[in-house]
Structures are given as C-alpha cells and as structure tokens.
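Heavy-atom basis, side chains included; hydrogens, waters and symmetry copies ignored. In what follows, every chain begins at residue 1, and chains take the letters A, B, ... in the order their sequences are listed. Since we're looking at a predicted model, the values are computed, not measured.
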Number of protein chains: 2
Amino acid sequence: MSILEVAREAGVSVATVSRVFNLPDKVAPATREHVENIARTLGYLPNASARTLRTQRSRVLGVVLPTLTNPVFAECLEGIAQAAVAGGYAISPFTTDYRLDQEDRAVNLLLAGNVDGMILVVSNPATSTALQRLAEAGLPYVLAYNHHPDHPCVSVNSELAVTDVVTHLATLGHRRIAMVSGLLSASDRAQQRCRGYARGMEQAGLRAQPVLQVPFVAAAPEVLGEALNSQVRPTALVCSNDLLAIRSIRAAHLAGLAVPRDLSVVGFDGIALGQDLTPQLSTVVQSNADIGRHSVELLAQAVASGSPLGPDMGLTLAHQFRTGESCAPPPLSLVPPPT
Amino acid sequence: MSILEVAREAGVSVATVSRVFNLPDKVAPATREHVENIARTLGYLPNASARTLRTQRSRVLGVVLPTLTNPVFAECLEGIAQAAVAGGYAISPFTTDYRLDQEDRAVNLLLAGNVDGMILVVSNPATSTALQRLAEAGLPYVLAYNHHPDHPCVSVNSELAVTDVVTHLATLGHRRIAMVSGLLSASDRAQQRCRGYARGMEQAGLRAQPVLQVPFVAAAPEVLGEALNSQVRPTALVCSNDLLAIRSIRAAHLAGLAVPRDLSVVGFDGIALGQDLTPQLSTVVQSNADIGRHSVELLAQAVASGSPLGPDMGLTLAHQFRTGESCAPPPLSLVPPPT
DNA sequence: CTGTTAGCGCTTTCAA
DNA sequence: TTGAAAGCGCTAACAG
C-alpha cells in the first residue's frame, strides 16, 4: 500500500496525496476529502522509513537507561513514552545494565538508526565515551538523573536533598547515621548522594561513617547484617535509592531490628510502591515521570529549532521529603548522653 | 556520512562498500579491510531508514503493553529488550494504560513504522479491534500474558495456577478464601485468574465468595477494609497480581490485622521486589523476563521464515508457587469446627 | 571479485 | 491548486 496506489485510485498525483497528509491547507477541500476517503478505504499508512529518508527526520527519540528492573527508570520511561506520543514521537529504548560497553553500543545503534535525539542515563557523564561521541555528532541529547556542567541534564539536586535528609534525622535525635549505597563507581548519582551525606553530617556536627557499599542486590543482608549487629550500630540509615532502602528494611528485620522502632530508614527516588509498603517508605520524592517528560520536551524543542541543547539548557526539578513510617526518633537507650 | 563518500574515499563502488557490511565473504579480504578502515576513520554508520526502505525489513519489533508502572511489564520489557539486542533488533514500545483506543493507536503507529513484528499485551484478545487489524495485516505478532485459541500466546496457565493456590490454602486449613482482583473488564488475565479461583473453591468443596474488585489503586484500602472488617471476614486473600497483594497487606495492616498471623495473602506474577518485602510475598512466580524473551525469539523466527505465527505456535511457560512469608494456617479461632 | 544501475516510498522544488 | 521529476541512502540483480 503505497502513496502511488492511492494517487492512482484517486486520480491525482502522488504530490497531491503527500500534501493531503503533510500540508492539507495547500489542497482544495474537495480534492482533500476525496483523497482522504480513498486513503482510508485502502487502509493507507504513510511509510515512515521513506519519509525519514527523504526528510532526514525520523520522529524517533532514542533512550538509553540502566535497567527497567528498578522502578525509578521504569517510571521515567513511562513518562518519556507518554510525552513522546503526545509530541508525535516514537521511542527506541536500550538497556545498559550499568555497563559502559552497552552504553557505547546503544548510542551507536541509535546513531545509525536516525533518531532525532536521545535521552540517556549514563553511569558517569565525566568519563562516558559514548556521551563524548554523541556530543561530537551534533545530535540533540539530554541526560536524565545525571549531573554535569558540560551537558544538559534533567535531574533534582541530589546532594542537597540528602543533606536535608541527614539534617532531618539529626533533628530527630539521631547521632549514628550511616549511608547505604550501591557501588559508588556505578553512577554519579551514588556519588552525589554520598557527598550530600558527608555534608549533612558535617553540618550537624556528626562524624560521617564509611559508606556501606552493597556491591549487588543479593549482598544486602550480608553487608548490612554485619553493620547492624555491631556494638555501635547506626540508628538511622540513609539509602541511596528506594530499592536499597527496601532491602535495608528487610536486612534489619533479619537482624532482629524493627523499623522504625529500632532503626530509621530513608530512601531516595519516591517510587510509587514505597507508599504501599508497611512501613511506608520515608524517602526523597522526585517525579520520575516528570524527569522523563521534561527530557522529551526539551529534546522536541531542540529538534524543532534544529540545534542541540546547550549545557545550560538543563532543568533542576523540585524534590521533596516524604515522611513515611520508616523513620522516627532513635531508641532512647541508644541516644548517647549529652557531653 | 553516506555510503557514497566511503566508496569515493576508498576508491571502490558503493556496491562493494555495501557488501563489506552485508556480505563480507563476497569481498576480497584486502578490499574488505581497506574499506573497513576507511569506514571506521570516517565514522560511517549505515543508514537504517535507507536500508529498511530498500529491504522492506526494519529489524525493529513493536511492543504494546499496558504500563511500565507495574513491575510485571517492566520486567517483561527488560527481557524483550535484551533478547532483541541479542537478535539484532531494536524495539519500539508503546504504553496503553489499559485503554483500547491507545491499543489501536499504538498498532497503527507501529504498522506505519515498518516494524517487522509485534509483541502485545492486550486487554482482551477476543474483542481487540487492534488485534483484528493486525492479524489481517499479515504481520507476525505474538501476544504476551494473554490467552486465546485464535492467536499465538506466550503465557503461563493462570487458571491452573490459581486453582492450585486455592487448593494449597485449603490444605493449610483456610475455609473463607476470597479473591481480590482489579477491574475484571480490564483484562482477560483477571478473568482467567478468577476462573481459577472459582474452580479451586469448587474442588475444595468451599463456597466461592464474590470477587473483591478494586477498581483503581487508591480504592484498595476502602474495598478491602470493608471486607476485612466484616463479621465473617476471609482468612485468606488470593490476589490477581502482586501489586494488589502488596496493597492488600497494607489494607490488612490498616484494618489492624497482621499478615500472615490474622490473614494470609497470596499474589500472582513473582515480581522481583516481592522477595525483599517483609513479609516476603507468597506468590505464583512466572518469569516475566522469559515471557519477553520467548516472545522475541518466536517473532524472530517468524520474521526469518517470512510467515506470521500460527495460533498454535504459542508457548505455555512453567510457573511455580513460591511460599513466602505472607501465608500461613488460619488463626485457630477462625477455623470453623468440623461439622 | 567488482561495478553499474534501478528502484524502495516519500517530500519538495519548480512549472504549469 | 496541481503535477512532473529529482533524489534521500541503500541493496541486489545483472553484467563484466
């Protein structure tokens, strides 16, 4: 079913059929209706590849993110998908599983695939070779969740958010507050959040503890179990993300501690599920769908204007602390007496 | 950067360059290396749209699913994405939010987008107009999670699985077992699972109760609260999916009931998160990633063979019941005395 | 083993 | 307001 058959059937030229779909105003109303009818009865759908080849515009946005297994990114992708459809774009997502070679591959595939722009969540913008090549390619792109002065980023101020969380916990009376993170090398987000922790502790006049690094999911109970069984165990855990917070709560349970009675736990991301848990997750809420939506909008804008996004075109979205049920004042017995 | 420039630079014809990328064996090794070098230094990437237009093959698979907000589908999409990359395909996902008009739209967009095949999770295969058109279009497609004799489906036997769950609960001593479902009209999955419940109850010689329908997420505490506060409240809840199970546990908590002490709750789907919760979710586990992977493989096979998948080409994957911590024998006080 | 060439389906000047 | 025709970048006969 090509434009040619529609043209023949309608007794007009292919140019006219094309105009009916792309510049309807430039076609006489009668002709237009006629062509539209023929097209409909024939079930004609303009061929996207041909159009892309001709116009050098695919109306497809590439998306590169670590995994859909973490609801943060699933929520974000949902936002991207919605905004894309609304803007007349399709998307082409790739998953990297936090691996740099996969980042590279995805960007290549996308570049060859004629996407009009890309949204990516990279491990580390400062060192990503994929990002480098992309920037050189002159294709519009925007980073989501990352943060870097040389690139347009849509994110929240993670560092500040975590600092505030620590302050909050300190205000509740906590003194031994620990940070739980995934592999620090795996993402700049993790690093920012740890910096926020360090700053928060400093501001509260507390001594920062070594970050509890959970190298992979299954290691959580072990790593945390050890920390929670120590003599001077923390009374509060600041987790770098919600998934980690959920596992920390589990680890606490396995160690015989109740949350929040014996231990407070705070997450980061605001995944929807957090509110359905018992205890409801206390967390830093960012709208993941909005991060996706705004990324699409920036990109659409760049595509329309024909120029890539400058590093200053990024967006820092608002975040907020949601007081759930997983954090409370420390057990009295564990509050050190004033000195 | 087109094939022409590479050809010029390498001093060969475009045909040779094309062969280097598509039929490397048909090119003299020396020429091949030479062209490869030129292509690399020029940063040449073959244009996917042009190739698609010429070959009528896009190496893109369309995906239509309800939402990424439910980890079931996010896990499935992750599986799809992985298998697709492995098979040399890109994917183009659309989200329908369980709306039929969106299903329709997505299928249209995908049809116009020259995808080589589609994986879809529809509301109801029996009534989906989108599915109808797709089948007529002669494009390979496969349904995931759905179940219907006229279409190739990759799924587990939900009905049987739920029947077994009910049997299990009955064996534990439960008599008042209720079914919790989302809108029954929203999906054939929900209907199958409810049928499984009815059958299980019948087999156990128990009286099936009216299904507790939770029309939308936020309504869970209300609907369930009412049921759980009644005089003859259920001692066990069979939930149509894990998200519903998680909310049911929350609702129980709000109603002052502890799970599993006062109430047993079983889910369906086996989302990864279920194992990190306390209590760990008892659920029917299906490998969502595998459902995605197998769908891709079937589709790839169909594309390779040039013919759509017949209705009998589907796959029923294994499921298993995972005994978590959310189900236990009923409280003794609530077990009716033997008659 | 390599080159020439005809389109794939569409948009877009340019003319009429 | 409409049509004729060029060409986007690529692959695949076909010829050599």
Side-chain angles (χ1 to χ4, degrees), chain A residues 1-36 38-39 42-60 88 90 109-116 137 139 306, chain B residues 1-36 38-39 42-60 88 90 109-116 137 139 306:
Chain A
M1 194 39 349
S2 86
I3 202 174
L4 189 65
E5 302 174 52
V6 178
R8 260 205 290 265
E9 191 71 19
V12 299
S13 73
V14 293
T16 298
V17 179
S18 175
R19 283 189 201 104
V20 166
F21 282 87
N22 300 298
L23 308 158
D25 303 338
K26 303 194 101 42
V27 176
T31 326
R32 184 173 64 216
E33 263 184 59
H34 179 228
V35 171
E36 281 168 348
I38 300 284
L42 257 46
Y44 168 71
L45 295 172
N47 181 310
S49 308
R51 177 181 280 171
T52 296
L53 183 58
R54 177 61 232 235
T55 61
Q56 308 288 22
R57 279 276 173 80
S58 63
R59 300 213 65 93
V60 174
L109 255 20
L110 255 10
L111 242 21
N114 299 111
V115 296
D116 288 348
L139 196 77
Chain B
M1 195 40 351
S2 85
I3 202 173
L4 188 66
E5 302 175 51
V6 178
R8 260 205 291 264
E9 192 69 21
V12 299
S13 74
V14 292
T16 297
V17 179
S18 175
R19 283 189 204 103
V20 166
F21 283 87
N22 300 300
L23 309 158
D25 303 338
K26 303 195 100 44
V27 176
T31 327
R32 184 173 66 216
E33 264 185 57
H34 179 228
V35 171
E36 280 168 350
I38 300 283
L42 257 45
Y44 167 72
L45 294 172
N47 182 311
S49 308
R51 177 180 281 171
T52 297
L53 183 57
R54 177 62 232 236
T55 62
Q56 308 289 17
R57 278 276 170 81
S58 62
R59 300 213 64 93
V60 174
L109 256 18
L110 254 10
L111 243 20
N114 299 111
V115 295
D116 288 348
L139 196 77

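Contacts of A:E5 classified as side-chain contact (heavy atoms from CB on, under 4.5 Å), with partners at least two apart in sequence or in another chain: A:M1, A:S2, A:R8.
Among the atoms of the strands shown, base atoms are found under 4.0 Å from some heavy atom of B:A15. Residue contacts shown for A:F21 are absent, as no nucleic acid heavy atom lies under 4.0 Å away. Among the atoms of the strands shown, only primed sugar atoms or phosphate atoms (P, OP1, OP2) are found under 4.0 Å from some heavy atom of A:T16. Using a 4.0 Å heavy-atom distance criterion, B:T31 is classed as a sugar-phosphate-only contact.
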In sequence, state the C-alpha distance, the side-chain angles, and the governing distance for A:V17 and A:L4, and then conclude on side-chain contact (heavy atoms from CB on, under 4.5 Å). CA-CA 9 Å; A:V17 179; A:L4 189 65; over 6 Å; no
Begin from the C-alpha positions of A:D116 and A:R57 and carry the test side-chain contact (heavy atoms from CB on, under 4.5 Å) through to its verdict. CA-CA 6 Å; A:D116 288 348; A:R57 279 276 173 80; 3.7 Å; yes
Please lay out, stage by stage, how A:S49 and B:N114 fare under the test side-chain hydrogen bond (donor to acceptor under 3.5 Å, both in side chains). CA-CA 7 Å; A:S49 308; B:N114 299 111; 3.0 Å; yes
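The residue among A:A50 and B:V27 whose nearest nucleotide of DNA chain C lies closer to the 5′ end is B:V27. Residues A:V17 and B:R19 both approach DNA chain C. Their nearest nucleotides, taken by heavy-atom distance, put B:R19 toward the 5′ side.
Between A:V12 and A:V6, every side-chain heavy-atom pair lies at or beyond the 4.5 Å cut-off. Counting only heavy atoms from C-beta outward, the side chains of A:R51 and A:N22 approach each other to under 4.5 Å.
Within the 3.5 Å criterion, the main-chain N or O of B:V27 finds no donor-acceptor partner in the side chain of B:T31.
Protein chain B contacts DNA chain D over a range whose 5' and 3' limits, counting nucleotides with an atom under 4.0 angstrom from a non-hydrogen atom, are D:dG9 to D:dA13. Between chain A and DNA chain C, the heavy-atom contact criterion of under 4.0 Å yields a 5' to 3' nucleotide range of C:dG9 to C:dT13.
Here the straight-line distance linking atom CG of B:D25 with atom CZ of B:R19 works out to 12.5 Å at 0.5 Å rounding.
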